[in-house]
Amino acid sequence: MSVEVDTSTRTPSAPAAEAVTMAKALNRALRDSLAEDDTVLIFGEDVGRLGGVFRVTEGLRAEFGSTRVWDSPLAESGIIGTAIGMAMNGMRPVVEMQFDAYAYPAFEQIVSHVAKMRNRTKGRVALPITIRIPYAGDIGGVEHHSDSSEAYWTSTPGLTVVTPSNPADAYALLRESIASDDPVVFMEPKSRYWMKETVSLPVATGPMHRAQVLREGTDATLLAYGPTVRTALDSAEAGAEHGLSVEVIDLRTLSPFDDETVSASVRKTSRAAIIHEAARFGGYGAEVAARLTERNFTHLSAPILRITGFDVPYPSPKLEEYFLPTVERVLDALESWDWEL
Amino acid sequence: MSVEVDTSTRTPSAPAAEAVTMAKALNRALRDSLAEDDTVLIFGEDVGRLGGVFRVTEGLRAEFGSTRVWDSPLAESGIIGTAIGMAMNGMRPVVEMQFDAYAYPAFEQIVSHVAKMRNRTKGRVALPITIRIPYAGDIGGVEHHSDSSEAYWTSTPGLTVVTPSNPADAYALLRESIASDDPVVFMEPKSRYWMKETVSLPVATGPMHRAQVLREGTDATLLAYGPTVRTALDSAEAGAEHGLSVEVIDLRTLSPFDDETVSASVRKTSRAAIIHEAARFGGYGAEVAARLTERNFTHLSAPILRITGFDVPYPSPKLEEYFLPTVERVLDALESWDWEL
Amino acid sequence: MTIDVPTTGRSLPQLQPISFIDADGRLTDTPTAGLRIPGDRTLTGLYRQMVFVRRFEAQVTHLTRQGRLATYPSAAGQEAAEVGATTALAPGDWLFPTYRDSAALLTRGVPVGEILAAFRGDWHCGFDPNEYHTSPAATPLATQTLHATGFAMAAKLKGADAATLTFLGDGASSEGDAHEAFNFASVWQTPTVFVLQNNQYAISTPLREQTNATMLADRAAGYGMPGLRVDGNDVAAVFAAVTAALERGRNGDGPTLIECLTYRMESHTNSDDPTKYREAEEVEHWRQFDPIDRLEKYLRSTGAVDDAGIEEIAAAAEALAESVRDAMNREAEIDPLELFAHVYAQPRTDLAEQQQVLEAELAAAGRA
Amino acid sequence: MTIDVPTTGRSLPQLQPISFIDADGRLTDTPTAGLRIPGDRTLTGLYRQMVFVRRFEAQVTHLTRQGRLATYPSAAGQEAAEVGATTALAPGDWLFPTYRDSAALLTRGVPVGEILAAFRGDWHCGFDPNEYHTSPAATPLATQTLHATGFAMAAKLKGADAATLTFLGDGASSEGDAHEAFNFASVWQTPTVFVLQNNQYAISTPLREQTNATMLADRAAGYGMPGLRVDGNDVAAVFAAVTAALERGRNGDGPTLIECLTYRMESHTNSDDPTKYREAEEVEHWRQFDPIDRLEKYLRSTGAVDDAGIEEIAAAAEALAESVRDAMNREAEIDPLELFAHVYAQPRTDLAEQQQVLEAELAAAGRA
Ligand SMILES: Cc1ncc(C[n+]2csc(CCOP(=O)(O)OP(=O)(O)O)c2C)c(N)n1
Ligand SMILES: Cc1ncc(C[n+]2csc(CCOP(=O)(O)OP(=O)(O)O)c2C)c(N)n1
Ligand SMILES: [Mg+2]
Ligand SMILES: [Mg+2]
C-alpha cells in the first residue's frame with residue numbers, strides 16, 4: 001500500500017511527476033536550499049564525497065563545492081558546536097548526525113545552546129540550524145543504529161521537532177526547516193528512505209507545524225509520525241475490513257503539537273491511539289495522550305492508547321519484529337475498546 | 001510546614017533523633033555505604049577536598065582516603081565512562097554530576113552504555129553505578145544551574161530514577177540505590193538540601209520503587225516528587241481550608257512508577273494532578289497523566305492535570321517565582337475541577 | 001610506509017613561559033619566540049585597563065557579599081590575561097568568553113549593568129552580542145570554544161577579515177569539547193585564538209589532578225597547531241602573543257593555543273571556601289607576581305607614568321566603581337511575561353496559553 | 001613563576017614509524033626506541049594467527065555478501081595491529097575492542113559464533129565478557145577508551161596485576177571521549193594501552209580531514225603520556241611496542257598511546273562504496289606493505305617456517321573458515337521473550353505486563 005498524497009495543488013510550475021524516494025526528495029530539498037541561499041552550508045560526517053551513509057547529500061559537494069558541502073572531523077559535539085558559531089555569523093548550517101544514537105555526544109550543545117541561545121539573548125541571536133537525524137529502526141541495524149530519540153528533543157523547550165513520513169512532505173518540511181529562524185531537529189525515518197512516491201518536485205512548501213489528516217474516519221483516530229504512518233494506514237485499511245472507520249493523522253511536527261487538527265479529529269471519533277516505535281514509558285506518546293485528554297476529556301469514550309515499542313533497549317535485528325508496533329498490535333488495541341457500534 | 005515522617009518503626013538500634021538536613025542525610029548515607037562495602041568508590045568534580053559544591057561528600061575523603069574518594073579531572077563523560085569500567089571490574093562507583101545541566105556531556109555514556117550494558121550482555125555485566133545529580137531550581141542559580149532533567153532519564157529504558165524529598169528518604173533511597181545492581185540516576189532536589197527534619201540516622205532501608213502517601217485525603221490526589229512535595233503538602237493544607245480533603249503522594253521513584261500505590265489513591269479520589277518544576281511539554285508529568293488515565297479511565301471524573309513549569313528554558317533568578325509551580329497555581333488547578341461537594 | 005603529512009613546525013613549546021617584564025618590573029632575558037614587547041603607550045593603556053578591571057572586580061565582589069548579586073566569579077589576579085588578550089582584538093573580531101571573563105567584557109566596552117545582569121539574576125545575557133561582537137558568556141565549560149571555531153570558519157568562508165578569541169580554563173581544557181575545538185580549528189585552519197587561562201584551579205581541583213602534562217600548551221602539537229606558554233601575569237607577553245596569533249589567523253595560517261600561567265587570587269565564586277583546598281601561603285606566594293604592580297614599576301622606570309598619572313588612573317577607576325554601584329542600585333525592570341517572548345521566532349499556541357495563565361495569576365495577585 | 005610539573009620524557013615521538021621488518025621481509029635499520037624484535041617462535045605464532053584472521057575476515061565478508069550477516073566491518077589489511085596488540089595481552093588483562101576488532105576477539109579466543117552473533121543480528125553481544133576478559137565491542141566511537149581507563153583504575157585500586165588495552169580508530173580519535181580517556185588515564189596513571197589503528201579513513205573521511213597533526217601519536221605529549229608511532233603492518237613492531245607498554249602499565253608507570261599506521265583494505269562495511277572516495281591505486285599501493293607477506297618472507301629467511309609449515313597453517317585456517325560457515329549455517333535459537341529478561345536486575349511490573357502482550361501475540365500467531 002502506498003501513501004497517496006495529493007500534490008496537484010502544491011506544484012507551482014508543474015514539473016513532471018516521477019517516482020522519487022524519500023532520500024531523493026530530501027536530497028532535492030538540500031540542493032534547492034543550497035542553490036537559493038548562499039548562507040546554507042552542509043557539513044558533517046561523510047556528507048561530502050560519500051554523500052552520506054544514506055546518500056541523502058549525494059552529489060551536493062560536486063555541485064556546490066567543498067566550501068558549501070564538506071566532511072568534518074568525526075565529532076558530533078564539534079559539529080553542532082561549530083554550527084552554532086556559524087549560525088551566529090549569519091549562516092544556516094544543515095548538519096547530519098549519522099544515526100540518532102550518535103547525536104548523543106552533542107546533547108549538551110543541542111540542549112544547552114541550540115535550544116536556548118535565542119531566549120538567552122532576548123531574541124538577538126537566532127540559530128537557524130537544521131539538525132538532520134536519521135532515526136528509528138526496522139532496517140536490520142546493529143545496536144545504536146535504530147534508536148528513536150524524539151522524546152529527548154520534544155521535551156526540550158526551544159527546539160522544533162519535525163519528521164516526515166513520505167517524499168513530498170520530506171521535501172516540503174526540510175525546505176521549511178532550513179528556512180526557519182528557529183533551530184529544527186529534523187528526524188528522518190530510516191526505514192522510509194527508500195519509499196517511493198510519484199511526485200513533482202519541487203512541491204510548494206506550506207506553513208510549518210501542521211498535522212495532516214491522511215485518511216478520514218469516524219470511529220477512531222490513529223495518530224502516527226515518521227515510520228509508523230504506514231503502520232497506521234495499513235491498520236486503518238485492516239480496520240475497515242472489520243467495519244471500523246478509522247481516521248489517520250500524520251503529526252509531521254512533533255513540537256509544537258497541532259492541537260487544532262488533532263483535537264478536532266478526536267472530538268469527532270472519541271477514541272484515539274498514538275503509534276510510535278520508541279519505548280512507551282516517557283515516550284512522545286505520553287505527551288500526546290496527556291494533552292489530548294486534558295483538552296478533550298469529556299469527548300473521550302476511552303483513554304488515549306499508546307501503541308509503542310516495549311520499555312526495553314532497541315533490540316538486535318532478529319528481534320525487531322517482536323518489538324516494533326505492528327498492524328496486529330494496533331488492531332488488538334482497536335479491539336480492546338468497548339465498541340457499541 | 002515541615003514534613004512529618006514516622007521514623008519510629010524504621011529505626012533498628014534507635015540512635016538519638018536529631019535535626020539533620022537532607023545534605024547531611026545524604027552525606028551519612030555515603031559514609032555508611034563506604035564503611036560497609038569496600039567496593040563503593042566516590043569520585044567526580046570537587047567531591048574530594050572540597051566535599052562537593054553542596055557539601056554532600058564533606059569529610060569523606062578525610063575519613064576514607066583518596067583511594068576511595070577523590071577529585072577527578074573536569075569531564076563528565078570521562079567520569080561516567082570510567083565509572084562504567086570500574087563497575088565492570090567489580091566496583092560500585094557513586095559519581096556526582098555537579099549540576100544537572102552538567103550531566104549532558106555524559107549523555108551518550110549514560111544512555112548508550114550505563115542504561116544498556118546489562119541488556120547487551122544478557123545480564124552478564126551489571127553496572128551498579130549511582131549517578132547523583134543535584135537538580136531543579138528555586139535556589140537563585142544562574143543559567144544551567146536549575147534544570148530539571150528527569151524526563152531525559154525516565155524515558156531511557158535501563159535506568160532507574162529516584163528522587164527523595166526529605167532527609168529520611170534521602171538516606172534510605174541513597175543507600176538502596178548504591179546497593180542496587182541496577183544503575184540508578186539519583187536526583188537530589190537542590191532547594192531541599194538544607195531542609196531539616198528530626199530523624200535518627202541510620203533509618204532502616206525499605207524496598208525500592210515505592211511511592212509513599214504522605215497525607216491522606218478523599219477529594220483529590222496531588223502527586224509530587226523532590227522539590228514539589230513541599231508545594232503539594234502546602235497546597236493540601238490550603239485546600240483543607242477551602243474544605244477539600246487532598247491526598248498527597250510522594251513518588252520517590254520516577255522509573256519505575258508505583259502504579260499500585262498511585263492508582264489506589266486515584267480510584268479513591270477520582271481526581272489527580274502531578275506537580276513538577278520541569279516544563280510541561282514532554283515532561284515526566286505526561287507519563288504520569290497518560291498511564292493513570294490508561295489504567296483508571298472509568299474512575300476519573302476529570303483529566304489528570306499537570307501543574308508544571310512553563311514550556312520555556314529555566315529562567316534567570318528574578319523570574320523563577322513566575323515560572324515555578326506555586327501553591328496558588330495548584331489551588332487554581334484544584335478549583336478548575338468541577339466540584340460537586 | 002609513505003604517509004603525506006605536514007612536518008613543519010612540529011615541536012613542543014619552550015618550557016620557560018614567554019615573558020617580557022618580570023615580577024620586579026624589569027625586562028627579562030627569557031626567549032620570546034620572536035615576539036616583541038609592546039610600546040609604552042600601548043602598555044600604559046593596558047595598565048590603565050588592568051587597574052579598572054581590578055577595581056571593577058573588587059567592587060562587584062563587595063556588592064556580591066552584600067547580596068546585591070546572586071553569584072560572582074572574580075578574575076582578580078588574572079587581569080593581565082583578561083586585558084592583554086581582549087585588547088589585542090580588532091573591533092570586528094569576536095570574543096567568546098566564559099563566566100570568569102567579566103573583565104574581558106568590560107574591556108570590550110560592554111556597559112557594567114549589562115555585564116552584571118546575568119549575575120544579578122535579571123536575564124541570562126544582559127547585552128546584545130551583535131553590538132559588542134561578543135558572545136554571551138558561556139557557563140557550560142569549553143562549549144564556547146566550538147562556537148568560536150565555527151564563527152571563525154564562517155568568517156573564513158565569507159572571506160571576512162574577522163578572527164575569534166575564546167577563553168577557557170585549565171579545568172575546561174579537560175572537557176571533550178576543548179579537544180574537538182582544537183581539532184576542528186586546526187583541520188579547518190580557522191582564525192581562532194584559544195586563550196587558556198591556567199589559574200591553577202578548577203574550583204577546588206588543582207592543576208596536577210587535572211593534567212599530567214608538563215604544560216597545557218603541549219596539547220597544541222597533537223593538533224598540528226602552534227602552542228605558546230606565556231607568563232599570564234605579564235600583560236606585555238599576553239598582548240604580544242595574542243596579537244601575533246590573531247594576525248596569524250587573519251593571514252590564513254590557522255589557530256593558536258596560548259596558555260597563560262596565572263592564579264585565581266579569589267575564591268571560585270562567592271559561595272566557595274578556598275580554605276578547604278589551598279593554603280594561604282600559596283595565595284601569598286602568588287602576590288609577588290602581581291600583574292599590575294610589575295607593570296607600574298616598569299612604566300615608572302621608563303618614565304611612561306608618574307605619580308600624577310597613576311593617581312588619575314586610580315581616580316578614573318573609582319568613578320568606574322561608582323558607576324557599578326549606581327548600576328546595581330537601580331533595580332532592573334523585568335517583565336515576567338518576557339518569559340515567553342524569546343523562546344521561538346515562530347509563535348506557539350502553547351506558550352500563548354501559558355502566558356495567559358501567568359497573566360491571570362499576576363492579575364489575581366494585583367501585580368498586573 | 002614557579003609551577004611544579006614533571007618535565008621528564010617531554011618529547012614528540014620519532015617521525016619514522018618504529019619497524020623491525022620491512023615490506024620486503026628484511027630487517028630495517030629504523031631506530032626502535034629501545035624495543036627488541038620478538039623471537040622466531042613468537043613471530044611464527046603471530047604469523048599463524050594473522051593468517052587465521054585474514055581467512056576469517058575473508059570468510060565473514062563473503063557470508064555477509066551472501067546476506068548471512070546483517071553487516072560486517074572487516075579488518076583485512078590490519079591483521080598485524082589486531083593480532084600483534086591482542087597477543088601481547090596476558091589472560092588476566094582486559095581488552096576493550098570496537099566493531100572493527102572481530103580479529104582481536106578471535107585472537108582472544110572468543111568462539112566464532114559468539115563473535116558474529118551481533119553482526120548476524122542475534123543479540124547485541126554474543127559472548128560472556130567475564131569469560132574472555134573482553135568487553136563487548138563498542139559501536140559508539142571512542143566510548144570504550146574510557147571504559148578501559150576505568151577498568152584499569154579499578155585494577156590499580158585493588159592492587160591487581162591486570163592491565164587494559166583498547167583499540168580506537170583515526171576517526172574515533174577526534175571524539176571528545178578519546179581526549180578524556182587519555183587525560184584521565186594519564187592523571188590517574190592507570191595501566192592502559194591505547195592502540196590507535198590509523199587506517200587512513202573514517203568511513204570516507206581521509207586522515208588529512210580528520211587531523212592537521214603530523215601524526216596522531218603527537219597527541220600523547222599533551223597528556224604527559226608516552227606516545228609511539230609504529231608501522232602497524234609490522235606485527236613484530238606492534239607486538240613489541242604493546243608488550244612494553246603493558247609492562248609499563250603494570251609497573252605503575254601509567255598509560256601509553258601507540259599509533260599503528262595501517263590501511264583499511266576493504267570497504268568500511270559491506271554497505272559502503274569506497275570508489276566514491278578513494279582511488280583503486282591507493283589500495284594497490286598499500287598491498288606492497290602487506291603484513292602477512294613480509295613476515296612470511298622474513299620467517300622463511302630465518303628458516304622458522306618452510307613450505308610445509310605454511311601449508312599446515314593454511315590448512316588450519318581453512319578449517320577455521322569451515323567452522324565459520326558451520327556456525328553461520330546454524331540458526332541461533334532466540335527467544336523473543338528474552339527482550340524483557342535482561343533490562344533490569346530488579347523485575348518491573350511494566351515489563352511483565354508487556355511480556356504478556358507479546359506472549360499473547362505469539363500465541364495468536366501460533367508461534368508459542
Ligand atoms: C560542563 C560543566 N561541568 C561543570 C561545570 C561546573 N563548574 C563551573 S566552573 C568549574 C571549574 C572550572 O575551572 P576552570 O576551567 O579552570 O576555570 P576557572 O573557574 O578556574 O576560571 C566547574 C566545575 C560547568 N560549568 N560546566
Ligand atoms: C559516536 C559515533 N558517531 C558516529 C558513528 C558512525 N560511524 C561508525 S564507524 C565510523 C568511522 C570510524 O572511523 P575510525 O575511527 O577511523 O575507525 P575505522 O572504521 O576506520 O576502523 C563512523 C562515523 C559511531 N559509530 N559513533
Ligand atoms: Mg582554573
Ligand atoms: Mg579509520
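All chains are named by letter (A, B, ...) in the order of the sequence lines, taking the proteins before the strands, and each is independently numbered beginning at 1.
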Do any of residues 248-259 of chain D come closer than 4.5 Å to chain C, heavy atom to heavy atom, and if so which ones, in number order? none

Between Phe96(C) and Phe167(C), does the ring centre distance come in under 6.0 Å? no

Will you find, in the side chains of Ser174(D) and Gln210(D), an N or O donor that is under 3.5 Å from an N or O acceptor? yes

Quick one: what part of Ser173(C) sits under 4.5 Å from any heavy atom of chain D, side chain, backbone, both or neither? backbone

I need the residue from Trp188(D), Phe182(D), Tyr263(D), Tyr223(D) with the largest number of non-hydrogen atom pairs under 4.5 Å to chain C. Tyr223(D)

Against chain D, label Pro13(C) side chain, backbone, both or neither, depending on which of its atoms sit under 4.5 Å from a heavy atom there. both

Counting heavy-atom pairs under 4.5 Å to chain D, which of Gly222(C), Gly227(C), Ala217(C) comes out on top? Gly222(C)

If you define the side chain from C-beta out and look only at heavy atoms, does anything of Thr149(D) sit under 4.5 Å from Thr190(D)? yes

For Arg54(D), give me all partners under salt bridge (charged side-chain N to carboxylate O under 4.0 Å, His left out), at least two apart in sequence or on another chain. Glu79(D), Asp290(D)

Would the distance check show the side chain of Ser186(C) and the main-chain N or O of Asn183(C) forming a donor-acceptor pair, the cut-off being under 3.5 Å? no

Residue among Glu180(D), Arg219(D), Glu175(D) with most heavy-atom pairs under 4.5 Å to chain C: Arg219(D)

With a 6.0 Å cut-off on ring centres, are Tyr201(C) and Tyr277(C) close enough? yes

Closest approach of Arg264(D) and Pro274(D), non-hydrogen atoms and distance? NH2-CB, 4.4 Å

Greater than 12 external heavy atoms within 6.0 Å of Glu284(D)'s CD: yes

